[in-house]
Amino acid sequence: MNSENPVSKFMFQIFSKKRFLVDLLAGFVDMHNHILPGIDDGAKSVQESIDLLKGFGEFGVSNFIATPHIMHNYYPNTPETIEKSLTLLKNDLLKQEMTNVAVTAAAEHMIDANFETLLEFDQVLPIRKNYLLIEMSYLQPAINFDNSVQKIASKRFFPILAHPERYVYLKSNSRKYRMYKEQGLLFQLNLLSLGEYYGKDVQKKAMRLVDEGLIDFLGSDIHNMNQLQNLREIKIGNKLAESLFPLIEKTIYNFY
């Protein structure tokens, strides 16, 4: 982790009025991304993975938990396919002497018809052994979502709902967000949602979720260099920066 005092760095940025989001991310642990090569809609090759990692390194992020999709009929990944892709990437990191970069792997699990079978037969990939990153369709809620959440808890995992701000059927003032929290769901916000990459409605929901204290963790959900460039360009105000800093620290604490 970056040895510089993060509080001092943050206060310097506040008073110097720097507004780029990435200026707050030195030492950050990116716990949701698609940097593993060739197994989902993220990096297509090892070289693309390396380019992404170098890009992150430019603003001080060097610790990653890769979370490729596990999605029935689209990205039917398994612990074996994910481990194989991770090994390819790690071998190239060694060849390029990028010894400062740490990459481990988990997965982003779609709550679909096959999810509970994977859970039952221990074919899921948790983050740091305790957390399970999950998602739903952006267009409609999963019919088996509540039951799946209960089964995740019965397996002694903490479920993290990826990018709750991006589900179009959840409005910014939806009571469903608080209902999910009452079910024990943790929320992970995409950093790109703090700009307009996904649209103004997603940005509005992201801001509201942060303001209401409903977000637990942050992640990039980066798939490609275009998204990384968009992340570099996001500017934020001081009030939002103050709200994000504890979330950055919490993410580092839980996943470093």
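Since the model is a prediction, treat every value here as computed from it, not as a measurement.
I234 CD1 to D23 CG: the interatomic distance, rounded to the nearest 0.5 Å, is 12.0 Å. Between the CG atom of L93 and the CD atom of Q96 there is a distance of 7.5 Å, given to the nearest 0.5 Å. For the atom pair I152 CD1 and I134 CD1, the distance stands at 4.0 Å (nearest 0.5 Å). Interatomic distance, CG of L89 versus CD1 of I35, reported as 6.0 Å (0.5 Å rounding). Rounding to the nearest 0.5 Å places CD1 of I236 at 7.0 Å from CG of L194. With values rounded to the nearest 0.5 angstrom, I111 atom CD1 is found 12.5 Å from S137 atom OG.
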Checklist line | CA sep, side-chain torsions, deciding dist, call: K54, V101, side-chain contact (heavy atoms from CB on, under 4.5 Å) | finding: CA-CA 9 Å; K54 287 180 177 178; V101 177; over 6 Å; no

Next item on the list: Could you check I70 against N114 for side-chain contact (heavy atoms from CB on, under 4.5 Å), going step by step and ending with a plain yes or no?
Entry: CA-CA 10 Å; I70 294 181; N114 195 49; over 6 Å; no

Margin query: For a side chain to side chain donor-acceptor pair (under 3.5 Å) check, start with the C-alpha distance between D40 and H34, then their side-chain angles and the critical distance, and finish with the verdict.
Written below: CA-CA 8 Å; D40 66 0; H34 298 268; 2.7 Å; yes

Item checked: Steps toward ring pair (Phe, Tyr, Trp, His ring centres under 6.0 Å) verdict (Y177, Y167) -> CA-CA 11 Å; Y177 285 122; Y167 302 107; 8.5 Å; no

Check: What do the steps show when you test E135 against R166 for side-chain contact (heavy atoms from CB on, under 4.5 Å), and what is the final call?
Finding: CA-CA 10 Å; E135 66 172 338; R166 294 191 61 194; over 6 Å; no

Next item on the list: Give the intermediate values and the outcome of side-chain contact (heavy atoms from CB on, under 4.5 Å) for residues Q183 and D146.
Entry: CA-CA 8 Å; Q183 286 179 264; D146 292 346; 3.3 Å; yes

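Exactly one of H32, E108, E165 qualifies for a side chain to side chain donor-acceptor pair (under 3.5 Å) with Q188. That residue is H32.
Between F56 and L228 the shortest side-chain heavy-atom distance falls below 4.5 Å. Between S193 and H163 the shortest side-chain heavy-atom distance does not fall below 4.5 Å. Using a 4.5 Å cut-off on side-chain heavy atoms (C-beta onward), D30 and L25 make no contact. By the 4.5 Å heavy-atom criterion applied to side chains, K155 and L132 are not counted as neighbours. Between K151 and F115 there is no side-chain heavy-atom pair separated by less than 4.5 Å. Contact check for Y75 versus P68: no side-chain heavy atoms found under the 4.5 Å cut-off. A heavy-atom distance below 4.5 Å is not found between the side chains of N190 and Y197. Between F64 and I222 the shortest side-chain heavy-atom distance does not fall below 4.5 Å.
A donor-acceptor contact shorter than 3.5 Å links the side chain of T81 to the backbone of T78. Judged purely by atom type and a 3.5 angstrom limit, H109 uses its side chain to pair as donor or acceptor with the backbone of L133. One N or O on the side chain of T251 and one on the backbone of L218 form a donor-acceptor pair closer than 3.5 Å. A donor-acceptor contact shorter than 3.5 Å is absent between the side chain of D92 and the backbone of V46. Side chain of T67 to main chain of A106: no donor-acceptor pair is present (N/O by atom type, distance under 3.5 Å, no hydrogens or angles). Under a 3.5 Å cut-off, the side chain of S148 and the backbone N or O of N144 do form a donor-acceptor pair. Panel note: side chain K181, backbone L214; a donor-acceptor pair is recorded below 3.5 Å. Not one N or O on the side chain of T104 forms a donor-acceptor pair closer than 3.5 Å with the backbone of I65. Panel note: side chain N77, backbone I39; a donor-acceptor pair is recorded below 3.5 Å.
Around atom CE of M179, no more than 12 heavy atoms belonging to other residues, nucleotides or ligands sit under 6.0 Å away. When the shell of 6.0 Å around CD of Q229 is examined, it contains more than 12 heavy atoms from other residues, nucleotides or ligands. Within 6.0 Å of the OH atom in Y169, the count of heavy atoms belonging to other residues, nucleotides or ligands exceeds 12. In K204, the NZ atom is not crowded: 12 or fewer heavy atoms of neighbouring residues, nucleotides or ligands sit closer than 6.0 Å. Around atom CZ of F158, no more than 12 heavy atoms belonging to other residues, nucleotides or ligands sit under 6.0 Å away. Within a 6.0 Å sphere centred on NZ of K250, other residues, nucleotides and ligands contribute more than 12 heavy atoms.
Taking the six-membered ring for Trp and the full ring otherwise, F20 and F59 have centroids separated by 6.0 Å or more.
Looking at D51 and Q47, their side chains do bring a donor and an acceptor atom within 3.5 Å of each other.
A salt bridge links R178 with E212: the closest approach of a Lys/Arg side-chain nitrogen to an acidic carboxylate oxygen falls below 4.0 angstrom.
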